[in-house]
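All of these numbers come straight from a predicted model, not from anything done at the bench.
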Amino acid sequence: MAIEIERKFLVVGDDWRAQASKRVPMRQGYLTEDNGKSSIRVRLQGVEARLNIKAAVVGRARAEYDYEVPVKDAHEILDTLCVGLVDKVRHYIDATGPDGSALTWEIDEFAGANAGLVVAEIELKTNDQAFDSPAWLGAEVTEDRRYYNHSLALHPWRDWPENETS
């Protein structure tokens, strides 16, 4: 079984932008509602498309399966089968762990119904792998289901009570 180990944080300020080496627009849609055993998504990322299945659990580690799919099929799935969509630009920042390991920060800058939300993720090899925290790293939200893309597709950030404007 493939396991993804990932930590998720809010991003503070814009200082991270100067460190980004690459940016990729992404559009992803989910084929499952809340409260299932998995989240199933199709994603257009740049010029490729992926089908991804993840265990619907909250936390640092979860099962993940990822497959390439034809771009034409991904467009059709996004247009006809998805129950929720997320649009974002992913920025990549290369980093080195305290042990010398190569790490990558993925900064998701959301658009559409999630515009204004910026989240950083770092994928790790082990649950306890150390990493340096950049100055732009805010509160950890790994354990908060609301910040998972599947949840953001179905319950957008702008609709959260704390984000409502009067």
Side-chain angles (χ1 to χ4, degrees), residues 1-12 16-17 20 22-93 103-125 127 137-165:
M1 175 179 345
I3 300 290
E4 172 189 59
I5 301 172
E6 179 179 82
R7 299 204 32 206
K8 192 180 289 274
F9 300 84
L10 296 178
V11 173
V12 179
W16 59 271
R17 289 184 188 281
K22 177 173 82 169
R23 61 190 301 264
V24 177
M26 296 182 176
R27 178 161 227 224
Q28 57 195 50
Y30 290 84
L31 290 101
T32 55
E33 296 283 349
D34 283 338
N35 304 319
K37 291 178 80 171
S38 64
S39 73
I40 303 170
R41 86 161 179 241
V42 66
R43 174 190 282 166
L44 289 170
Q45 52 190 51
V47 296
E48 67 177 40
R50 315 280 312 168
L51 178 68
N52 181 276
I53 304 164
K54 290 185 186 185
V57 297
V58 174
R60 293 183 186 183
R62 58 189 176 154
E64 177 184 41
Y65 303 91
D66 193 64
Y67 308 96
E68 187 172 352
V69 296
V71 170
K72 181 179 181 285
D73 291 357
H75 278 287
E76 289 176 10
I77 293 167
L78 285 165
D79 292 342
T80 62
L81 299 178
C82 292
V83 295
L85 298 172
V86 168
D87 290 299
K88 63 186 179 181
V89 174
R90 175 163 286 170
H91 306 263
Y92 296 87
I93 298 175
L103 298 170
T104 302
W105 286 100
E106 298 175 347
I107 313 294
D108 287 343
E109 185 175 21
F110 291 89
N114 292 297
L117 178 62
V118 182
V119 174
E121 298 176 352
I122 190 165
E123 199 161 316
L124 305 169
K125 292 184 181 15
N127 245 329
L137 204 62
E140 184 166 6
V141 294
T142 302
E143 302 293 332
D144 190 339
R145 180 182 300 273
R146 299 177 307 160
Y147 289 97
Y148 285 59
N149 285 276
H150 186 204
S151 183
L152 290 169
L154 301 173
H155 310 287
W157 185 71
R158 74 167 177 212
D159 295 341
W160 297 2
E162 62 267 33
N163 296 331
E164 290 180 0
T165 57

*Parallel, tilted or perpendicular, as decided by the 30° and 60° cut-offs, for the rings of Tyr65 and Tyr67*: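 Tyr67 and Tyr65: parallel rings.
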
*More than 12 foreign heavy atoms under 6.0 Å from CZ of Arg23: is that the case here?*
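Open: at most 12 neighbouring heavy atoms sit under 6.0 Å from CZ of Arg23.
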
Heavy-atom check, side chain of [X] versus side chain of [Y], under 4.5 Å:
| X | Y | result |
| --- | --- | --- |
| Glu64 | Glu6 | no |
| Val118 | Val12 | no |
| His150 | Arg41 | no |
| Asn114 | Lys88 | no |
| Leu124 | Leu103 | yes |
| Leu44 | His75 | yes |
| Ile40 | Leu51 | yes |
| Arg27 | Arg43 | no |

Backbone N/O of [Y] and side chain of [X]: donor-acceptor pair under 3.5 Å:
| X | Y | answer |
| --- | --- | --- |
| Trp160 | His155 | yes |
| Asp87 | Ala111 | no |
| Ser39 | Ala56 | no |

*asked:* Working note: Asn163 + Arg158, criterion side chain to side chain contact (heavy atoms under 4.5 Å, CB included); need CA distance, chi angles, decisive distance, verdict.
replied: CA-CA 6 Å; Asn163 296 331; Arg158 74 167 177 212; 5.6 Å; no

Nearest heavy-atom pair of [X] and [Y]: which atoms, and what distance?
| X | Y | answer |
| --- | --- | --- |
| Glu76 | Thr80 | O-OG1, 2.6 Å |
| Ile5 | Ala61 | CG1-CB, 4.0 Å |
| Tyr148 | Gly59 | OH-N, 3.0 Å |
| Ala120 | Ile107 | CB-CD1, 3.5 Å |
| Lys8 | Val119 | CG-CG1, 3.4 Å |
| Ala74 | Val69 | CB-CG2, 4.3 Å |

From [X] atom [atom1] to [Y] atom [atom2], the distance as rounded to the nearest 0.5 Å:
| X | Y | atom1 | atom2 | answer |
| --- | --- | --- | --- | --- |
| Leu137 | Phe9 | CG | CZ | 5.0 Å |
| Arg60 | Ile3 | CZ | CD1 | 15.0 Å |
| Asp108 | Gln28 | CG | CD | 7.5 Å |
| Thr104 | Ile122 | OG1 | CD1 | 8.0 Å |
| Leu31 | Ile77 | CG | CD1 | 6.5 Å |
| Arg90 | Phe110 | CZ | CZ | 8.0 Å |

*Between Leu117 and Leu152, does a side chain to side chain contact (heavy atoms under 4.5 Å, CB included) hold up when you go through it step by step?*
CA-CA 10 Å; Leu117 178 62; Leu152 290 169; 3.8 Å; yes

*Arg146: partners by salt bridge (Lys or Arg N to Asp or Glu O under 4.0 Å), with sequence neighbours left out*: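 Only Asp144, Glu162 meet the salt bridge (Lys or Arg N to Asp or Glu O under 4.0 Å) criterion with Arg146.
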
_Residues Arg50, Glu68; criterion side chain to side chain contact (heavy atoms under 4.5 Å, CB included); working and verdict_ = CA-CA 4 Å; Arg50 315 280 312 168; Glu68 187 172 352; 3.5 Å; yes

*Under the criterion side chain to side chain contact (heavy atoms under 4.5 Å, CB included), which of Leu85, Leu81, Asn52, Asn149 is the partner of Tyr30?*
Asn149

*Show your working on side chain to side chain contact (heavy atoms under 4.5 Å, CB included) between Glu4 and Glu121 and close with a plain yes or no.*
CA-CA 12 Å; Glu4 172 189 59; Glu121 298 176 352; 5.8 Å; no

